[in-house]
Amino acid sequence: MSEIKVLSKEVAELIAAGEVIERPGSVIKELVENSIDSGASSITVEIKNGGVTYMRVTDNGCGIPPAEVPIAFLRHATSKIESESDLDSIFTLGFRGEALASIAAVARVEMLTKRQCDDYGTRYVIEGTEEKLCESSGCPDGTTIVIRDIFYNVPARMKFLKSDVSEANNVATIVKRIALSHPDIAFRFIRDNKQELCTSGAGDLYSAVYSVFGKQFAASMLPVDYKYENVKVTGFTVKPTFAKANRSFQTYFVNGRYVKSLVLLTAMDEAYKNSIMTGKFPACVLNIEIAPGTVDVNVHPAKIEVRFSDENAIRSAVVFAVKNALLSEDTPNSFQFREKAKPSYLDPPPVVSPLAVQTTFTFNSEGTAYKVVRKEDQSIAENSWNNTYTPNSDTQKKDELAISEAVKPDAFQSSECKVDEPYTQPAREFRYINENSFEKRAPIEEKSENEVTPIKYIGEAFANFVIIEVDNDLFLIDKHAAHERIIFERIKNQPKALCCQLLMLSEEILLTDEQYAALLENEHELSDMGFSLQFDKAPYVKVIGLPQIIENISPDDILPEIADNILNGGSCTEPSVIDDIYHSMSCKAAIKARDKTTPAELRALAEEVYNNEAIRYCPHGRPVMITISKYDIEKQFKRIV
Ligand code: ADP
Ligand code: MG
C-alpha cells in the first residue's frame, strides 16, 4: 500500500459535493431554498438542456454584502446559524452551510448580488472551487446565480445523468413542489426559453395548485381545513369521481417541507375507501402542521422520507380532515341544462361520467358529448393549463403564457398499503327485506327524527332514476347504485346482515379448480361471513347456507365471483379482498335498473339517500345522486334571465 496522504482541497470538496449535488435538480433545490431564505417574493428558475449546460436562479431577496460573497462559497459558511445552541436548526431546516461550496466544486458558477442599501452589487465567478473574479458591479437588488456545465470536472458523475428531458422534468417537479409549498412567492420556471410555470404569489394555495396542475385539476379539488389534536391539515383533496390512475398526484408537506410517507399514503387510501373505484387513487395537496419535535426529517438534503413520533395522530388527522372535506361537498354532482340541446331521443345516453361534477353536458352538431364548465368557473376556464390563476381576472394575457406538458411528478409506488381500522360511517337503519323491497325504520343514531329533511317524491324515470324535490332542487337518484351503497354500509356495520341463512335446498356449484381451491383455503373466513359450504367433491362446492343479506341470490350467481375476488386479491384476510366480497354481495343484492319497484319503496330509498351523506357514491365510485336546480330549470324556460 502506498503512503497515507491528506486529500487535496479540490478532491475533498468534490467528495463532499457528491453528497449534496447529484443532478441539476439538486442544485436548483438548494438555490431556490436559499432564495426563499433571503426573503424573496419572486423567484425565477431557468434551465437549458436539462440544466446540464445552464441553470439560472434569480430572486429579489436581501442580497449578500460585498465582503461576504466569497465567504458564502466556503464550506460550513452560513448566515443562518451561529452557535452550538442553534445546532437544532441544522436538523430541522437543514442549514448546513455547504450548498454553495458544493455547487462551486462541480460547476462554473457566476453570482450577481446586491443589497437594497448598497449602490453597487458584486459580481463573483468561481469555477471548481477556484475564484476567478470578484468585482463590484451594477445590478438589480437581489441575487442571481448562473451555473454552467455541471460536473464538467467530474466526468464519472456526468455519466450518471439521465437524458436532458429527464433531468429537466426532475427540475420542473422540484420547482413545482416548492411553488406549491410557498404560494406567497411568485415562481417562474423557464425550460429551454419556454415559460412553463408562473405562479401568482398571491398567497392562496388554490392559485398555486391551479398554476402547477392546471384548471381541470384545480376544479376537481375540495378544500381541506381541519385540526385534530395537535395536527393541522389544510390544502386540497380530489373529488372522488376525479380520482387518478396512480398515486403521482399526491403531494404532502409537513411543516412546509415536501415529504414522502407511507403513513400519509395509507391515511389517504383509508379516507377514500369505498368512495372511489378500485384501481383509482386519490390526488391531493396537503399541508400538515405539527410540533417540530414530533417529526423526524432525515436531514440529508437528498432525502425526503419522514418519520412521525405519533403515527396514529397523524393518520387520524388526515383521515378525518379528508373525510370531512368529502362530506362537505353537499351537492356533489350537479348539472345544468344547455340551450339548444337536441332532443334526448336523438342522442346517445348522456355521459354522466366522472366529469359530471360541476360540468354541463351537452352535444355538438356531430352528436358527440362535450362538457361546458359552470358559469362560476368560466373565468378560470378562459385560462389554459399552467397559467397563473388570478380570481376573476379577465385581463389575463393568455398568449404570453406558454402551455406545456402536464406535470409528471415522480411516480410514487407503494402497493402495500395496509389499513388497521377501516373508517366506517355510522349506520343508518335501512332494513332490507328481499332483493326488491325496503322498509324504513326509525333511525337509530344521534340524529333525531326531526332532523331528517322531508323529501317530495316525484316519480321514477327510465325504470332506474328516482326523481325527488327538496327545497329549490330536483335530485335524480340512481336506484341501483344507491341501493348497492346502502347494502354495502349495512354489511359493514351490522353483523346480522352476515348471519348464515340455511337454504331450503342445498345447491351444488361447479367451479374451476382455482376457484374451488380459493374457497377451500378460505373456508373459515367465508363461514364467518355467513357462507356455509361443503367441499366433498372437487371442483363442486355444495352450498348449504348463504349470508342473510343475499339469501335470495342464486349461489351460482355469487360464489364464482367471490372466488375470483379472492384469487385477484390473495386471501380473505386482506381488507381489500373483504371489501371486494362485500361489493360483490351488495351489487348482487341491490335492486337493478329496470326492476319493478313500488313508489313507496323508491320514496323510502330516496329519503335514505338524501339524508345520509355517506351515500353519495356507489362502492365502485359512481355517483348515486345528481342535482338540477330550480334556478337552472327556470332559466331554461326563460322565466328568469
Ligand atoms: P446555507 O443555506 O445552509 O446557509 P449555503 O451554502 O446554501 O448555506 O449558503 C451560504 C450563505 O450564502 C447563506 O447562509 C446566505 O447567507 C448566503 N446566500 C446564499 N444564497 C443567497 C441568496 N439567494 N440571497 C441571499 N443570501 C444568500
Ligand atoms: Mg442553503
Side-chain angles (χ1 to χ4, degrees), residues 9 12-14 16-22 24-46 55-107 109-118 120-126 128-129 131 134 137 139-147 150 174-175 178 181-182 185-188 201 256-258 297-304:
K9 177 171 169 280
E13 283 296 338
L14 285 178
E19 272 185 35
V20 188
I21 305 303
E22 288 177 329
S26 16
V27 172
I28 293 297
K29 178 176 175 289
E30 293 295 338
L31 296 182
V32 172
E33 281 177 357
N34 280 348
S35 293
I36 293 171
D37 294 339
S38 78
S41 61
S42 162
I43 298 174
T44 298
V45 175
E46 178 176 3
M55 289 181 264
R56 170 175 71 91
V57 175
T58 296
D59 66 53
N60 63 351
C62 65
I64 306 175
E68 290 178 18
V69 175
I71 302 169
F73 285 89
L74 297 178
R75 194 161 295 279
H76 308 308
T78 175
S79 58
K80 297 163 197 170
I81 47 176
E82 274 173 11
S83 62
E84 211 179 302
S85 60
D86 291 339
L87 222 56
D88 255 4
S89 50
I90 289 194
F91 298 104
T92 49
L93 303 166
F95 297 140
R96 296 148 61 112
E98 59 181 353
L100 290 185
S102 296
I103 296 167
V106 295
V109 179
E110 178 177 353
M111 180 189 264
L112 269 173
T113 183
K114 176 181 164 314
R115 295 186 302 176
Q116 209 181 3
C117 56
D118 293 331
Y120 290 96
T122 308
R123 182 159 171 251
Y124 187 76
V125 179
I126 177 167
T129 65
E131 184 180 307
C134 182
S137 161
C139 58
D141 295 344
T143 303
T144 289
I145 301 196
V146 175
I147 312 293
I150 186 175
I174 287 169
V175 175
I178 299 178
S181 65
H182 289 87
I185 298 176
F187 284 91
R188 281 207 309 150
R257 190 187 167 112
Y258 175 81
V297 181
N298 187 326
V299 283
H300 191 286
K303 294 261 171 74
I304 44 187

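A quick note: this is a predicted structure, and the numbers were derived from the prediction, not measured. When a ligand or atom number is given, it counts from 1 through the structure's own listing order.
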Q: Between Thr113 (side chain) and Ile64 (backbone), is there a donor-acceptor pair under 3.5 Å?
A: yes

Q: For residues Leu100 and Ala72, report the shortest heavy-atom separation together with the two atoms involved.
A: CB-O, 3.6 Å

Q: Going by the atom numbers of ligand 1, which of them fall below 4.0 Å from some non-hydrogen atom of Ala72?
A: 10 (C), 12 (O)

Q: Measuring from Glu98:CD to Glu30:CD, what's the distance to the nearest 0.5 Å?
A: 8.0 Å

Q: Output the list of atoms in ligand 1 that are nearer than 4.0 Å to some heavy atom of Ile64, sorted by atom number.
A: 17 (C), 18 (N), 25 (C), 26 (N), 27 (C)

Q: Check for me whether Ala77 has a heavy atom closer than 4.0 Å to any atom of ligand 1.
A: yes

Q: Using a 4.0 Å heavy-atom cut-off, say whether Ile145 meets ligand 1 through its side chain, its backbone, both or neither.
A: neither

Q: Once you round to the nearest 0.5 Å, how far does CD1 of Ile174 lie from OG of Ser26?
A: 6.5 Å

Q: Only heavy atoms of Ser79, strictly under 4.0 Å: list the atoms of ligand 1 that pass.
A: 13 (C), 14 (O), 15 (C), 16 (O)

Q: Give the numbers and elements of all ligand 1 atoms closer than 4.0 Å to a heavy atom of Thr143.
A: 22 (C), 23 (N), 24 (N)

Q: Check whether any N, O or S atom of Asn34, backbone or side chain, sits closer than 2.8 Å to the Mg ion (ligand 2).
A: yes

Q: State whether the shortest distance between N or O atoms of Ala99 and N or O atoms of ligand 1 falls below 3.5 angstrom.
A: yes

Q: Look at the side chain of Asp141 and the backbone N and O of Gly63, then say whether any donor-acceptor pair between them is shorter than 3.5 Å.
A: no

Q: Using 0.5 Å steps for rounding, measure from the CD1 atom of Ile36 to the CD1 atom of Ile185.
A: 4.5 Å

Q: If you count the atoms of ligand 1 from 1 in the order shown, which ones are under 4.0 Å from a heavy atom of Glu98?
A: 6 (O), 8 (O)

Q: Show the atoms of ligand 1 that are less than 4.0 angstrom away from any heavy atom in Thr78.
A: 1 (P), 4 (O), 14 (O)

Q: Check whether Asp59 reaches the backbone of Thr143 with its side chain - one donor and one acceptor, N or O, closer than 3.5 Å.
A: yes

Q: Does Cys62, backbone or side chain, put an N or O under 3.5 Å from an N or O of ligand 1?
A: no

Q: Please determine whether any non-hydrogen atom of Glu30 lies less than 4.0 Å from an atom of ligand 1.
A: no

Q: Polar contacts were defined as any N/O atom of the residue lying under 3.5 Å from an N/O atom of the ligand; does this apply to Leu100 and ligand 1?
A: yes

Q: Give the atom numbers and elements of ligand 1 that come within less than 4.0 Å of a heavy atom of Gly97.
A: 1 (P), 3 (O), 6 (O), 8 (O)

Q: So, taking the atom named CD1 in Ile147 and the one named CD1 in Ile28, what distance separates them when rounded to the nearest 0.5 Å?
A: 7.5 Å

Q: Restricting to non-hydrogen atoms, name the atom on Arg115 and the atom on Cys62 that form the minimum distance, rounded to 0.1 Å.
A: CG-O, 3.2 Å

Q: By number and element, which atoms of ligand 1 are closer than 4.0 Å to a non-hydrogen atom of Ser38?
A: 24 (N), 25 (C)

Q: Nearest 0.5 angstrom please: His76 NE2 to Ile71 CD1, how far?
A: 15.5 Å

